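Here the structure is a predicted model, which means the values were calculated and not measured.
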Amino acid sequence: MLVQFMLKNVLSFKEETVLDMTAINAYKEHPGNLIDIDKKEKFLRVAAIYGANASGKSNLHMAMCYFQYIITESFNNVAEDDQTAIARYYNPFSFEEEEENSEFQVIEIIEDYEYKYGFEYNDKCVVAEWMYRKNIKNNRTSTIFERTTHEVHLGASVRKECELYKEQIPAETLVLSFFNKLKLKTDIFRNMYNSIMNTLVVPTDFCEDPKILKALLPPVIDNDRENLLAFLKAIDTGITDIGYAENENQIYFDTIHVGKDGHEYSLNLYNESEGTIKSIILYIYVRTAIENDGSLFVDELNVKLHPLLLKFIIDLFYQYKSKAQLIYTTHDTTLMDKKFFRRDQIWFVQKDEFGYSELVALSDFKVRSDASFEKDYLAGVYGGIPFLNDFEMKEGE
């Protein structure tokens, strides 16, 4: 379960920026919006991130991609003329002459432990890397490893098994990535790696890529068709059945609709609306997250979705006992309402005149008990909106 994601000097986020999924205990509204693991703190099931165009919302989404890409790719050997993963995904703040190191950190809860893992890097090497584990029951914290540019210090729990290999870790390879690839008795590295990857960072253009449907939809039709059809009925698509056929390594999908005459008619899935296609793919991602207690990070979730359908998707994360989480960026303010969200579930990204993005929570503001979140947001009270100047379209001379 994702507790916190931190980034620094990545894309438009120059200063340390933290997205925190820890609920504020003082807020008593919407207890069903929280994950309770019998710990002092509770955690958010859903976080909505608002902001103007070019404010940096998508950069936050992309930063999570970079974080995962570096972890998955840094171990891979590359040819001399190829870029390493840290070089490929080193994209610091652009509007300063002197380039500084970038940094990532996550806090994850895995069973009875809270893990803190992060690294600092540039395009040449991993400058620092760290991993700590805290026992939730007794609050005891232990070091798994600490790494500098010169050495790796291993904690007592992994030292005996891993000490032999630490000198083999290249400067551009993460310790986590390296030890995850080895067949070790300890499962610490594998558990942390899997927990990080359990956040599904959904591509922004996922509903426009037919490869995603071809890869994900057939197993769902084979194994979960009834639930998929119930979902499609619930969101009023008019689809009564769905199937696929394979021919010469090509996959063809068709949907069934019932006409006014009571007869069934087949339609190529790609002739359905883009909103329907996006809903089907979202169903697959949501189903995966809920079944695996994972997290879903979607950029511009509202695009091609009616506001009521957007709420329907969000509500799926409240209906199950799963620890699944949804983080999404959006322009749609329809759901920015105390009837649906707690104050700690709403975030804003704003960018200043020099290109610096900042992430702030609604809970950082003094919000009146009778305040309208949407009205105040559109009035500029919380930031995160475009500042529009007068503009006159002139006819060409």
Side-chain angles (χ1 to χ4, degrees), residues 45-46 58 61 64-65 68-69 72 194 197-259 263-320 322-330:
R45 293 185 182 276
V46 176
S58 294
H61 177 270
M64 179 65 86
C65 290
Q68 291 187 338
Y69 290 160
T72 56
N194 290 340
M197 296 308 155
N198 212 21
T199 295
L200 300 174
V201 187
V202 180
T204 305
D205 60 348
F206 68 90
C207 62
E208 300 169 9
D209 187 354
K211 293 180 181 177
I212 293 179
L213 268 180
K214 291 177 181 178
L216 301 180
L217 186 52
V220 174
I221 293 175
D222 290 339
N223 304 309
D224 195 36
R225 182 191 223 141
E226 185 175 338
N227 284 329
L228 174 59
L229 290 175
F231 169 76
L232 294 174
K233 181 180 179 181
I235 63 174
D236 196 27
T237 62
I239 296 173
T240 60
D241 203 355
I242 186 169
Y244 72 96
E246 296 183 70
N247 185 17
E248 297 181 353
N249 297 323
Q250 295 293 321
I251 299 179
Y252 303 90
F253 298 101
D254 69 303
T255 58
I256 301 299
H257 294 256
V258 176
H263 295 162
E264 292 185 341
Y265 294 91
S266 176
L267 185 67
N268 187 310
L269 176 59
Y270 295 107
N271 289 331
E272 296 282 357
S273 74
E274 291 184 346
T276 295
I277 294 173
K278 180 171 184 175
S279 298
I280 290 173
I281 300 176
L282 275 175
Y283 169 82
I284 298 172
Y285 281 125
V286 171
R287 170 181 176 268
T288 301
I290 290 174
E291 287 183 349
N292 296 286
D293 287 339
S295 304
L296 202 59
F297 196 160
V298 187
D299 191 30
E300 303 291 3
L301 177 61
N302 62 291
V303 173
K304 299 182 176 71
L305 295 183
H306 188 279
L308 290 177
L309 181 51
L310 175 63
K311 183 179 184 300
F312 186 94
I313 296 291
I314 292 169
D315 285 348
L316 292 175
F317 287 83
Y318 299 142
Q319 293 175 5
Y320 297 87
S322 165
K323 300 181 183 68
Q325 296 166 294
L326 171 66
I327 303 165
Y328 71 95
T329 71
T330 182

Please report the shortest heavy-atom distance between [X] and [Y], naming the atom on each side.
{"X": "Asp224", "Y": "Arg287", "value": "OD2-NE, 2.8 Å"}
{"X": "Ala324", "Y": "Ile290", "value": "CB-CA, 3.7 Å"}
{"X": "Gln68", "Y": "Thr199", "value": "NE2-O, 2.8 Å"}
{"X": "Arg45", "Y": "Phe317", "value": "CD-O, 3.2 Å"}
{"X": "Ser322", "Y": "Ala289", "value": "OG-O, 4.3 Å"}

Just by distance, do the side chain of [X] and the backbone of [Y] share a donor-acceptor pair under 3.5 Å?
{"X": "Thr237", "Y": "Leu232", "result": "yes"}
{"X": "Thr240", "Y": "Ile256", "result": "yes"}
{"X": "Asn292", "Y": "Asn198", "result": "no"}

(message) Students often mix this up, so state it plainly: with edges at 30° and 60°, are the rings of His61 and Phe297 parallel, tilted or perpendicular?
(response)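 The rings of His61 and Phe297 stand perpendicular, inter-plane angle above 60°.
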(request) Look at the rings of Phe312 and Phe231 and say which category their plane angle falls in: under 30° parallel, 30 to 60° tilted, over 60° perpendicular. (result)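 Phe312 and Phe231: tilted rings.
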Kindly compute the distance separating [atom1] ([X]) from [atom2] ([Y]), expressed to the nearest 0.5 Å.
{"X": "Ile327", "Y": "Leu296", "atom1": "CD1", "atom2": "CG", "result": "9.0 Å"}
{"X": "Arg225", "Y": "Leu217", "atom1": "CZ", "atom2": "CG", "result": "10.0 Å"}
{"X": "Thr330", "Y": "Leu301", "atom1": "OG1", "atom2": "CG", "result": "7.0 Å"}
{"X": "Leu310", "Y": "Ser279", "atom1": "CG", "atom2": "OG", "result": "10.0 Å"}
{"X": "Leu213", "Y": "Ile281", "atom1": "CG", "atom2": "CD1", "result": "4.0 Å"}
{"X": "Leu308", "Y": "Ile313", "atom1": "CG", "atom2": "CD1", "result": "12.0 Å"}

(message) Please check if the number of heavy atoms outside Tyr265 that lie under 6.0 Å from its OH is greater than 12.
(response)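 Yes.
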(request) Answer yes or no: are there more than 12 heavy-atom neighbours, outside Glu226 itself, under 6.0 Å from its atom CD? (result)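 Counting other residues, nucleotides and ligands, CD of Glu226 stays at 12 neighbours or fewer.
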(message) Using the rule given for side chain to side chain contact (heavy atoms under 4.5 Å, CB included), can you reason through Leu305 versus Leu282, listing the C-alpha separation, both sets of side-chain angles and the distance that settles it, and then say yes or no?
(response) CA-CA 11 Å; Leu305 295 183; Leu282 275 175; 3.7 Å; yes
(message) Suppose we screen for side-chain contact (heavy atoms from CB on, under 4.5 Å). Which residues come up paired with Val303, at least two apart in sequence or across chains?
(response)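 For Val303 the side-chain contact (heavy atoms from CB on, under 4.5 Å) partners, ignoring immediate neighbours, are Lys278, Glu300.
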(request) Assess the side chains of Thr255 and Glu272: does a donor N or O sit below 3.5 Å from an acceptor N or O? (result)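 Judged by distance alone, the side chains do pair up.
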(request) Report yes or no: do Asn271 and Asn268 form a side-chain donor-acceptor pair below 3.5 Å? (result)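 Not at all, the side chains of Asn271 and Asn268 share no donor-acceptor pair under 3.5 Å.
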(message) Applying side chain to side chain contact (heavy atoms under 4.5 Å, CB included) to Ile280 and Leu269, what does each step give before you reach the verdict?
(response) CA-CA 10 Å; Ile280 290 173; Leu269 176 59; 3.8 Å; yes
(message) If the condition is salt bridge (Lys or Arg N to Asp or Glu O under 4.0 Å), which residues does Asp236 pass it with, not counting sequence neighbours?
(response)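 With sequence neighbours excluded, Asp236 shows a salt bridge (Lys or Arg N to Asp or Glu O under 4.0 Å) to no residue whatsoever.
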Within-4.5 Å side-chain heavy-atom neighbours: [X] and [Y]:
{"X": "Phe253", "Y": "Lys214", "answer": "yes"}
{"X": "Tyr328", "Y": "Val202", "answer": "no"}
{"X": "Ile235", "Y": "Tyr283", "answer": "no"}

(request) List the steps, then state whether side chain to side chain contact (heavy atoms under 4.5 Å, CB included) holds for Ile239 with His257. (result) CA-CA 5 Å; Ile239 296 173; His257 294 256; 3.7 Å; yes
